[in-house]
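Here the structure comes first, spelled out in structure tokens, and everything after it is commentary.
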Amino acid sequence: MDAHGLWAKVKATTEPRIKARLIFAMSIRSILLVSFAVVFIGGLSAVFGPDNSGLAVAGFCILLGIKHVPYGYRATDSVIALAFVLAAMVCGGLAAQAWPPVPCLMVNFLLITVILILVADEPLMGNAGLYVFGYLFVSQTPVNGEALASRCVLALLLWLACSAVLLHKHHGKFQNVRLHDMLAAFSVSSAKGLWQIRLSAGVAMALLIGELAGLPRGVWVGYACMSVLLPFGEAGTSLPMRALQRIGGVVVGSLLYAGFSLVVPAGSRILFGPIAGICMGFSSKYMVNNALNCFGALLLAESVYGVSGSVTLRIYDNMIGVLFAVCCTVLFSLLERHASSDEAPATNRTKPSTNV
């Protein structure tokens, strides 16, 4: 159970003893998750190289997510889909390294769209954010030579591990639904299909903007855009508030990082990431999570841009990504209304005169 579920149970009970037990369970859960992440990601990064730490992070997220959230069709078919997803992450990095920005736009759009169709049949279950995040993390840290070979081997190992968990947890579910059924059911005229297209197009365009503008850490633009565009259905109506919370969380988290950096020695700042991760285990608030996420991101960027440069870049890139996400939503809303008006029944339109 995640922080949302545990806090709901805490608020629902009036027994102090039960409240304390639930909060203790939340603490143990958070510490164990962060400890597992450090061992899993750190171990794979040590074996396959720091350049492939992004794939290790993506694999860790998929491993945790796939235990609880299946893809919505037969498990054996889901294993095939997972192989495509991991291959897409690797191939996206190859395209980012070898091709100009505009062709990369099309590659990113197509790959992200297919990933969403394969894994996000239930938008509210959270797979969309998890897998698109993984795609961005891996594809926007391209490698070549020996590191590329190591990346391919790591992708294979992650596929085997995640497939084993998927088959163990979800074998026997959705036996009558096949992968080709999921592909055939996709429609851009449906609410889910339009949401998938909006998300993939928005993220791909955000990456293009970051690339054409020459922004360092342009992938942060993509992350911000993705984060704002993720809500589906009724949750999507709160997009303006979500955009403000994203910006607010990034500004607060970045300024906190800068403040702590003034008093914490550089050698000790490596603890910022795990501590923020443990704190996220207690948080069910979107804005708070965004603030805490800044610590890990800025810790990685600090070695290249310094503290002040990283903080400025974090805020600037996120503002661009959020503003583009809002513009993207408005544009798609206008297109949706236009399409709806074109499909209106003929009886609702003025009939042309037949008088000669």
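Heavy atoms only: backbone and side chains are in, while hydrogens, waters and symmetry mates are out. None of the values given here were measured: they were computed from a predicted structure.
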Contact summary for [X] and [Y], nearest pair of heavy atoms:
X: Tyr305; Y: Ser310; result: CB-OG, 3.6 Å
X: Val138; Y: Met89; result: CG1-O, 3.6 Å
X: Ala95; Y: Val107; result: CB-CG1, 3.9 Å

Take Ser283 and Asn289, measure what side-chain hydrogen bond (donor to acceptor under 3.5 Å, both in side chains) needs, and give me the verdict at the end.
CA-CA 7 Å; Ser283 172; Asn289 288 339; 2.8 Å; yes
Is the count of non-hydrogen atoms from other residues, nucleotides or ligands lying under 6.0 Å from [X] atom [atom1] greater than 12?
X: Lys67; atom1: NZ; answer: no
X: His168; atom1: NE2; answer: no
X: Phe332; atom1: CZ; answer: yes
X: Leu262; atom1: CG; answer: yes

Is there a side chain to side chain contact (heavy atoms under 4.5 Å, CB included) between Ile112 and Leu199 once you walk through the steps?
CA-CA 9 Å; Ile112 294 173; Leu199 180 56; 5.6 Å; no
Do [X] side-chain atoms and [Y] backbone N/O form a donor-acceptor pair below 3.5 Å?
X: Arg74; Y: Leu179; answer: no
X: Asn52; Y: Ala147; answer: yes
X: Ser200; Y: Gln196; answer: yes

Is the closest side-chain heavy-atom distance between Phe36 and Leu64 below 4.5 Å?
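Touching, per the 4.5 Å side-chain cut-off.
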Do the side chains of [X] and [Y] join up, straight or via other hydrophobic residues, at under 4.5 Å, putting them in one cluster?
X: Leu300; Y: Leu298; answer: no
X: Leu154; Y: Val79; answer: yes
X: Ile209; Y: Ile315; answer: no

Any salt bridge linking Asp77 with Arg178? Criterion: basic side-chain nitrogen under 4.0 Å from a carboxylate oxygen.
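A salt bridge is present here (some side-chain N lies under 4.0 Å from a carboxylate O).
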For Arg314 and Asn318, run side chain to side chain contact (heavy atoms under 4.5 Å, CB included): C-alpha distance rounded to whole Å, both residues' side-chain angles, the deciding distance at 0.1 Å, then the answer.
CA-CA 6 Å; Arg314 179 76 175 173; Asn318 271 268; 3.7 Å; yes
Spatial distance of atom CZ (Phe232) from atom CG (Leu124) [nearest 0.5 Å]:
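One gets 6.5 Å once the value is rounded to the nearest 0.5 Å.
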Give a yes or no on whether the ring-centroid distance for Tyr135 and Tyr131 is below 6.0 angstrom.
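Distance test on ring centres: not under 6.0 Å, no.
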Look at the rings of Phe137 and Phe133 and say which category their plane angle falls in: under 30° parallel, 30 to 60° tilted, over 60° perpendicular.
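If you compare the ring of Phe137 with that of Phe133, the planes turn out perpendicular.
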Whether Phe60 and Phe40 hold their rings parallel, tilted or perpendicular, with breakpoints at 30° and 60°:
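Plane angle between 30° and 60°, so tilted.
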Side chain to side chain contact (heavy atoms under 4.5 Å, CB included), that's the test. Do Gln140 and Leu207 meet it? Break it down for me.
CA-CA 9 Å; Gln140 298 307 302; Leu207 291 177; 3.9 Å; yes
Arg151 NZ/CZ over Phe48 ring centroid, <6.0 Å and within 45° of normal:
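Cation-pi check for Arg151 and Phe48: fails.
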Assess the residue pair Val221 and Phe324 against the criterion (side chain to side chain contact (heavy atoms under 4.5 Å, CB included)); give the C-alpha distance rounded to whole Å, side-chain angles, the decisive distance to 0.1 Å, and a yes or no.
CA-CA 9 Å; Val221 180; Phe324 179 75; 5.8 Å; no
Test side-chain hydrogen bond (donor to acceptor under 3.5 Å, both in side chains) on Tyr257 and Glu302 and set out the steps.
CA-CA 11 Å; Tyr257 184 92; Glu302 180 188 343; 2.4 Å; yes
